[in-house]
Trainee: 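Got a structure here, written out as structure tokens. Questions coming.
Proteins get letters first, then strands, A, B, ... in listed order; numbering begins at 1 in each. We use all heavy atoms of the structure for the numbers below, so side chains are in, but hydrogens, waters and symmetry mates are not.
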Amino acid sequence: MLMTVNQATATRVDQNAVVEARQLGLTFQTNDGPVRALSDVNLTINKGEFVSFIGPSGCGKTTFLRVIADLEQPTEGKISINGMSPEQAREARAYGYVFQAAALFPWRTIESNVGLPLEIIGLPKAEQQERIKRTLDLVNLSGFEKKYPWQLSGGMQQRASIARALAFDADLLLMDEPFGALDEIVRDHLNEQLLRLWRQTNKTICFVTHSIPEAVYLSTRIVVMSPRPGRVTDVIESTLPKERPLDIRESPEFLAIAARVRDGLRAGHSYED
Amino acid sequence: MMNSKPSWQVGLAVLLCAVAMATMPMLATEATAPMSRGTTSLVIGLIALSGVASFAMFAGIASAALLFVGAHGAAWLLIAGVAGNEGMARLPYFLLLAAAWLLAWRCVAVLSAVRPVSKQARTLLRLLIPAIFGAWILIIWEAVTRGAGIPFILLPPPSAIAARIGASLPTLAADVRQTIFKAVLFGYVVGCASGFVVAILADRVPFLRRGLLPIGNMVSALPIIGVAPIMVIWFGFEWQSKAAVVIIMTFFPMLVNTVAGLAASGHMERDLMRTYASNYWQTLFKLRLPAAAPFIFNALKINSTLALIGAIVAEFFGTPIVGMGFRISTEIGRMNVDMVWAEIAVAALAGSVFYGVVALIERATTFWHPSVRGGRA
Ligand SMILES: Nc1ncnc2c1ncn2[C@@H]1O[C@H](COP(=O)(O)OP(=O)(O)OP(=O)(O)O)[C@@H](O)[C@H]1O
Ligand SMILES: [Mg+2]
């Protein structure tokens with residue numbers, strides 16, 4: 001297993017590992033017996049990386065993100081976030097999380113939904129206003145500040161939830177299929193915006209997606225997973241430059257990486273049969 | 001135009017008029033003040049003409065207005081005609097009453113189909129339709145009790161109840177002050193508030209949840225008939241003992257509903273708050289209580305009627321000589337049923353206003369809930 005060696009060397013050198021998982025495993029005890037959602041996951045994510053997780057439905061992508069976020073407790077192995085336990089990291093507000101669904105509060109306007117985390121961390125009012133405005137601009141929702149979530153389309157709600165995570169402004173961003181519900185054009189736009197934000201702020205991003213082009217376009221590394229039990233089957237380093245115009249997606253280099261990801265996904269599937 | 005179509009209500013009304021004409025006279029022959037031929041023909045004419053003319057109208061409003069005048073004019077003449085002849089009405093009288101009622105039904109049906117453009121007209125219609133409904137309950141009640149001469153003790157006509165209310169305003173006001181403004185309001189506020197606070201406590205401290213909920217359940221199962229006299233022994237004859245009964249009755253619905261409401265927020269929303277490292281109280285105030293609001297308002301509405309029942313019934317078990325329950329229990333003993341009905345009417349009115357106010361506040365606070373805004377979830 002080439003990649004295991006690769007990872008092992010990477011961890012030793014890097015002082016700035018943000019996420020470090022060792023032999024991580026998680027088994028859910030359900031009514032119809034145990035479900036192994038994660039098994040033997042070894043992964044190091046360094047500061048400033050953009051890591052995409054891709055794999056068939058049910059392979060444990062969400063579960064892995066939730067373990068990082070201390071929303072799920074691993075049953076085997078170890079994980080540390082910025083050298084801390086996930087719980088300490090959560091309490092230190094080390095990450096922002098974008099859920100698979102928007103999870104906006106229907107009794108709050110868009111503006112005050114985006115401001116929710118800022119209220120909780122107790123930012124001054126003026127700074128709250130400034131961040132709300134900036135992030136709503138970023139996701140093209142200016143003008144909808146006073147609307148309620150149920151007055152917006154599903155895609156707009158999802159954008160508001162992204163704005164909410166961006167307003168929180170943690171160094172680590174965990175995004176669970178954030179653009180799944182959006183149309184192609186908006187998706188392209190938000191992909192560009194997210195890349196720009198990432199370049200400018202040096203955030204570390206863990207990004208779950210089902211789309212190979214999206215994963216390749218955004219990531220510095222692509223983690224391919226396979227189900228039953230959920231595990232990492234391949235980690236693909238991107239050779240694309242940091243600066244990526246949208247039309248890079250037609251370049252041969254891009255297509256080569258996409259082909260590798262597709263092969264990785266296929267391998268994961270055939271392993272199953 | 002759909003409203004100029006003949007309708008079965010009007011058809012049946014005209015038929016009833018014909019049968020009534022064939023079975024005249026309206027009042028028994030020994031009636032002291034028999035209805036004149038003129039009045040009788042006027043009643044029949046009003047019903048038949050307004051019914052038939054309503055077909056010819058192009059606008060729904062005009063058709064409804066005609067029916068309205070016909071139905072209520074006829075009802076008025078019928079009720080006025082029976083004055084002094086209580087218990088003398090014969091079949092044609094009731095047939096004509098039924099015919100007038102059918103016209104009113106048709107009138108409401110036509111009004112419901114009208115779609116006015118202006119907002120004020122829509123609000124007016126929303127009020128007018130139930131008002132016609134309510135009015136006809138009273139009209140039929142009045143006409144039947146007086147026409148058939150139903151004994152006063154059994155069911156007094158609404159006019160007698162209204163007269164009693166008018167004549168006893170000071171007594172009724174004192175009773176309302178005693179029962180509603182003291183026992184009900186105090187008991188309601190304290191009962192709901194303590195149910196709410198205990199629910200939060202039970203939520204915060206798990207062992208309380210396991211201990212308090214079954215006890216609360218038991219308390220709510222206590223029969224009010226048994227509790228009320230004990231409260232009188234504990235807290236005396238004044239309104240405080242009634243408030244205590246109300247507290248016992250309102251406490252539990254609030255406790256159970258709030259506990260259920262606190263569990264109503266979604267997993268994802270709670271996970272979200274967790275990722276912000278939000279503390280217990282922040283999560284409570286920013287997520288769980290707003291999500292629980294529909295449940296809490298449900299309890300407030302249930303309790304608004306429970307409190308009234310509790311206070312009135314509690315007064316049956318020893319009170320000072322004022323209060324709605326006291327009045328009902330003593331006046332029924334004296335066969336003053338009109339006073340009992342007067343108290344019932346006041347209690348119904350007070351209960352509706354109470355409920356209505358809570359419901360209005362609910363609409364304003366839980367405007368976001370799919371059941372209020374009437375949209376998708
Ligand atoms: N709370 C839970 N209890 C029991 N089993 C669970 C729970 N959460 C997830 N699982 C199981 O764990 C496995 C991985 O689920 P997970 O949600 O991580 O998949 P996923 O890769 O995010 O899939 P998708 O692409 O469909 O979102 C699945 O088999 C799922 O049934
Ligand atoms: Mg998932």
Trainee: Anything in residues 159-168 of chain A with a heavy-atom distance to chain B below 4.5 Å? Please list those residues in order.
Mentor: A/R164, A/F168
Trainee: Answer whether the closest heavy-atom distance between the side chains of A/M175 and A/I205 falls below 4.5 Å.
Mentor: yes
Trainee: Classify the angle between the aromatic ring planes of B/W239 and B/F186 as parallel (below 30°), tilted (30 to 60°) or perpendicular (above 60°).
Mentor: perpendicular
Trainee: When you check the side-chain N and O atoms of A/S85 and A/R90, is any donor under 3.5 Å from an acceptor?
Mentor: no
Trainee: I'd like to know whether the aromatic ring centres of A/F207 and A/F53 sit less than 6.0 Å apart in this structure.
Mentor: no
Trainee: Within the 4.5 Å heavy-atom criterion, are B/K286 and A/R108 side-chain neighbours or not?
Mentor: yes
Trainee: Name all residues meeting the ring pair (Phe, Tyr, Trp, His ring centres under 6.0 Å) criterion together with B/F251; count only those two or more places apart in sequence or in a different chain, and write none if there are none.
Mentor: none
Trainee: What residues of residues 92-102 of chain A sit under 4.5 Å from chain B when only non-hydrogen atoms are counted?
Mentor: A/R93, A/Y95, A/Y97, A/F99, A/A101
Trainee: For the residue pair B/R270 and B/S265, confirm or rule out a side-chain donor-acceptor distance under 3.5 Å.
Mentor: yes
Trainee: Hey, are the side chains of A/L43 and A/I45 touching, using non-hydrogen atoms and a 4.5 Å cut-off?
Mentor: yes
Trainee: Quick check: under 4.5 Å, non-hydrogen atoms only, which of residues 120-141 of chain A neighbour chain B?
Mentor: A/I120
Trainee: Taking side chain as C-beta onward, heavy atoms only, is B/M268 less than 4.5 Å from B/L272?
Mentor: no
Trainee: I'd like to know if the side chain of B/T283 pairs up with that of B/S278 as donor and acceptor (distance under 3.5 Å, no hydrogens or angles considered).
Mentor: yes
Trainee: Answer with side chain, backbone, both or neither: which region of B/A293 has an atom nearer than 4.5 Å to a non-hydrogen atom of chain A?
Mentor: neither
Trainee: Taking the side chain as every heavy atom from C-beta outward, state whether A/S112 and A/T109 have any pair of such atoms under 4.5 Å apart.
Mentor: yes
Trainee: Between A/T209 and A/E214, does any side-chain donor sit less than 3.5 Å from a side-chain acceptor?
Mentor: yes
Trainee: For a 4.5 angstrom cut-off between non-hydrogen side-chain atoms, does A/W107 reach B/L287?
Mentor: yes
